[in-house]
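One structure is given below, encoded as structure tokens.
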Amino acid sequence: METNEIKEVLMQSLALDEAHVTGDGSHFQAIVVGALFDGMSRVKKQQTVYAPLMEYIADNRIHALSIKAYTPEEWQRDRKLNGF
């Protein structure tokens with residue numbers, strides 16, 4: 001699976017402002033930004049991001065996914081730490 005395919009699925013499925021996906025074909029890293037994460041625990045944020053990708057995880061197109069989920073305010077504060 002390609003990084004742009006994962007980004008497209010996330011952007012279409014969730015109310016995100018931004019999604020940045022990197023990876024090597026089976027191991028991926030996703031940074032996602034959206035107001036929907038406001039007030040969510042870290043676990044709930046990850047479950048929310050995993051949900052639209054479950055079919056790809058189940059058939060092993062995505063073997064591993066690291067997620068960093070931010071509200072727009074958190075992203076404004078932390079984005080420099082992530083190289084943006």
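Fair warning: this is a prediction, and the values are worked out from it, not measured in the lab.
N82 places no side-chain N or O within 3.5 Å of a backbone atom of F84 that could act as its donor or acceptor partner. Although no hydrogens or angles enter the test, the distance criterion places no donor-acceptor pair under 3.5 Å between the side chain of N60 and the main chain of H63. Between the side chain of D78 and the main chain of K80, no donor-acceptor pair closer than 3.5 Å is present.
The other members of the hydrophobic cluster of Y50, by chain and number, are M1, I6, V9, L10, M11, L14, L16, V21, F28, V32, L36, F37, M40, V49, L53, M54, Y56, I57, I62, L65, I67 (side-chain heavy atoms under 4.5 Å, ILVMFWY only).
In this structure, the separation between CD on Q76 and OH on Y70 is 12.5 Å, given to the nearest 0.5 Å. Atom NZ of residue K68 and atom CZ of residue R79 lie 15.0 Å apart, to the nearest 0.5 angstrom.
Applying the side-chain hydrogen bond (donor to acceptor under 3.5 Å, both in side chains) rule to pairs touching residues 32-42 yields nothing, sequence neighbours excluded.
Residues satisfying the salt bridge (charged side-chain N to carboxylate O under 4.0 Å, His left out) criterion with K45, sequence neighbours excluded, are E74.
Side-chain atoms of Q29 and S66 form no donor-acceptor pair, as typed in the model, at a separation below 3.5 Å.
Salt bridge annotation for K7-E2: absent, with no cationic side-chain nitrogen under 4.0 angstrom from a carboxylate oxygen.
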